[in-house]
**Student:** 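This is the structure I want to talk about, given as structure tokens.
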There are 2 protein chains.
Amino acid sequence: MTSSIKRSISIPVDCDACAARVDGLCALYRANVLPLPARFRAADKRLKAGEDVFGAGETFDGIYNLVEGWVALYTLLDDGRRQILHFGLPGAVIGFQPDSRATTTYGVQALMDATFCFIPRDNLVRLVRECPEIAMRLASLMSRDRSLSFGHLTSIGRHSARERVSQLLLELFIRYRSQWPGHLIEELRMPLTQELIGDATGLTGVHVNRVLRELKRDGIVEFQYRRLRILDPDKLVQVAKIDPHLLAPWVRTQEDGDGTRAGPHPQLVRATRAAA
Amino acid sequence: MTSSIKRSISIPVDCDACAARVDGLCALYRANVLPLPARFRAADKRLKAGEDVFGAGETFDGIYNLVEGWVALYTLLDDGRRQILHFGLPGAVIGFQPDSRATTTYGVQALMDATFCFIPRDNLVRLVRECPEIAMRLASLMSRDRSLSFGHLTSIGRHSARERVSQLLLELFIRYRSQWPGHLIEELRMPLTQELIGDATGLTGVHVNRVLRELKRDGIVEFQYRRLRILDPDKLVQVAKIDPHLLAPWVRTQEDGDGTRAGPHPQLVRATRAAA
DNA sequence: CGCCCCGTTGACAAATATCAATATTTGTGG
DNA sequence: CCACAAATATTGATATTTGTCAACGGGGCG
């Protein structure tokens, strides 16, 4: 007997115990209908916090499956400023490109120690030929990422700083939590600094600080030294000005087909209530 | 003999003459390798300028293929403000959802008279079973949309008003032009108002106006009453602060496989030079 | 123990929004 | 072709939000 509780954390190579399998490309495997992409996997990659999976403008042939850790997709400006485009959580597919010659338009950085498994493009093509549902799954994942981007666009384009920061924290909380259904968490460790929050919301680190102090003063959320505590879930939902329709992409993408599914609203309510 | 030049404009139902076929889901057909989605098409839809394809929060079972006209994907805020998420040009796939129960997170409005063909979800699944490449094509299209969103996020989050407006105009010019390779245009009719530009760039219509007047004063671009003229392409590229890596998603997605392809830089240069 | 990254705070500057009035263009009907 | 209405663009004065710069504090980690 090698382990009990922490197995999925310490042995990322083992597909059967992979934590990322709850979501992402391999989610279908859980339904016992489809062959696991395991056979098509080539190598694993481990990075330390701060290292890049790849930089902007590179080409490479395949996709990375984020197994453990958080990553940030970002672009850099000439003057050194940065825009974070997306936070990738375990299960994320990283680096899919329309064709093998295309260069990436963004860089990807590990926000904490992270592990990936890599599927070469050729293998992906073979995998899809064998099992077209995988390609539809991939399309769904890309589509969900797009929806997340749409949410961020609305947030950055039309919301106030207070609303943007609130929305980001709520989003990450819900996305993180939806990976462990039934697991109640009151407090969440996030590998974020106020600077990173600013880079994601189109604000300055300094201004994020001001907003966070306000939110704490008002008893809504507390974020200090990478520790998030949600003090008043209902108020947070309210101040984040969430369009309920935008919620769907935050929770895990389900396989199409069987089963009833609760709408997004109760899920949000449950998710946030759990933290109170 | 029914026609000569304008055939593709007036007979949208005819797949063989469809203008959208240069891009989008049916692009593979041109390579004569794959069966046309035509057999799986269900119905056509025609809209007048200003009408909605669908609103936020709706569900529907299938995808729309934009054949003719421009559309805007948008979200609305409580107070009536709007954020435009994406402009869809002919060839765009509209309304793909991860599963059949998902509700849309955005609305889609026709910016001019537009026609679509509709492919029901069931047919799409059958089509993919028959030809998995279509699913990969769909994933590529979603991925490209995501990349476009990433570009907009960087623009809205970190660029000045002047840069944002310049970049949007340049993007639309290049995307439009890449649909007619070899066709030189000096002047482009766009179904946009300054208000629309503001909604897309996270600015106010009034402020967009001020920026446009500046750009005209500086001899860079002229945009008045839906007519875009690029006066100095090089300056425009410069002021738009385009990250060259972000350019790839602007030009048509090519089918993977054969053929050499020029990098994005010369394409941009050619595209913009043509307008001078 | 001490360093360094991160967070905190204040004064001030810059960019953009808001409000309101007026001008121009487009499209429509006669 | 003209007149008119509606939509869109233009401009100025002022308000608000957010950024910039600079200094200081505090906590974790070697």
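Every chain is numbered from 1 and lettered A, B, ... according to where its sequence line falls, protein lines coming before strand lines. Note that the structure is predicted; figures quoted are calculated from it, not measured.
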**Student:** Using OP1 and OP2 only, check whether a side-chain N or O of Asn209(A) sits under 4.0 Å from dT8(C).
**Tutor:**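 Checking Asn209(A) against dT8(C): at least one side-chain N or O falls below 4.0 Å of OP1 or OP2.
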**Student:** Less than 3.5 Å apart, any donor N or O on the side chain of His152(A) or Glu171(A) sitting next to an acceptor on the other?
**Tutor:**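 Side-chain D/A pair, His152(A) to Glu171(A): present.
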**Student:** With a 6.0 Å cut-off on ring centres, are Phe54(A) and Phe60(A) close enough?
**Tutor:**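 Yes, ring centres under 6.0 Å apart.
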**Student:** Do Asp218(A) side-chain atoms and Ile220(A) backbone N/O form a donor-acceptor pair below 3.5 Å?
**Tutor:**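 Absent.
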**Student:** Please report, rounded to the nearest Å, how far the C1' atom of dT18(D) is from the CZ atom of Arg81(A).
**Tutor:**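 Arg81(A) atom CZ is separated from dT18(D) atom C1' by 12 Å.
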**Student:** When you measure from the side chain of Thr104(A) to the backbone N and O of Gly55(A), does any donor-acceptor pair fall under 3.5 Å?
**Tutor:**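 Answer holds: yes.
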**Student:** Could you state the atom-to-atom distance from OH of Tyr225(A) to P of dG7(C) in whole Å?
**Tutor:**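 Interatomic distance, OH of Tyr225(A) to P of dG7(C): 6 Å.
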**Student:** Tell me if a side-chain donor or acceptor on Gln109(A) pairs with a main-chain N or O of Gly50(A) at a distance below 3.5 Å.
**Tutor:**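 Judged by distance alone, yes, a pair lies under 3.5 Å.
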**Student:** Start at the 5' end of DNA chain C and walk down; is the nucleotide closest to Arg158(A) or to Thr193(A) reached first?
**Tutor:**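 Final value for this comparison: Thr193(A).
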**Student:** Could you tell me the separation between the NE2 atom of His207(B) and the P atom of dA15(C), rounded to a whole number of Å?
**Tutor:**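 Nearest whole value for this atom pair: 9 Å.
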**Student:** Take atom NZ of Lys48(B) and atom P of dG27(C), then tell me their distance rounded to the nearest Å.
**Tutor:**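 Going from NZ in Lys48(B) over to P in dG27(C) covers 15 Å.
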**Student:** Select from Arg210(B) and Leu192(B) the residue whose nearest nucleotide in DNA chain D is closer to the 5' end of that strand.
**Tutor:**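 It is Leu192(B), whose closest nucleotide lies nearer the 5' terminus.
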**Student:** Assign Gly202(A) to base, sugar-phosphate, or nothing according to its heavy-atom contacts below 4.0 angstrom with the strands shown.
**Tutor:**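 Sugar-phosphate contact only.
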**Student:** Taking 4.0 Å as the cut-off, does a side-chain nitrogen or oxygen of Gln224(B) come that near to OP1 or OP2 on dT10(D)?
**Tutor:**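 Yes, within the criterion.
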**Student:** Between C1' on dC29(D) and CZ on Arg226(A), what's the gap in Å once rounded to a whole number?
**Tutor:**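 Distance, rounded to whole Å: 12 Å.
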**Student:** Send over the distance from Gln194(A) CD to dG19(D) C1', rounded to a whole Å.
**Tutor:**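 From Gln194(A) CD to dG19(D) C1': 16 Å.
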**Student:** Check whether any side-chain nitrogen or oxygen of Arg213(A) sits under 4.0 Å from OP1 or OP2 of dT9(C), and answer yes or no.
**Tutor:**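 Answer yes for this pair, as a side-chain N or O of Arg213(A) is under 4.0 Å from OP1 or OP2.
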**Student:** Can you tell me the distance, in whole Å, between the CG atom of Leu215(B) and the C1' atom of dT10(D)?
**Tutor:**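 Value for this atom pair: 15 Å.
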**Student:** Between atom CG in Leu203(A) and atom P in dG7(C), what is the gap in whole Å?
**Tutor:**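 So the CG-P distance, Leu203(A) to dG7(C), works out to 15 Å.
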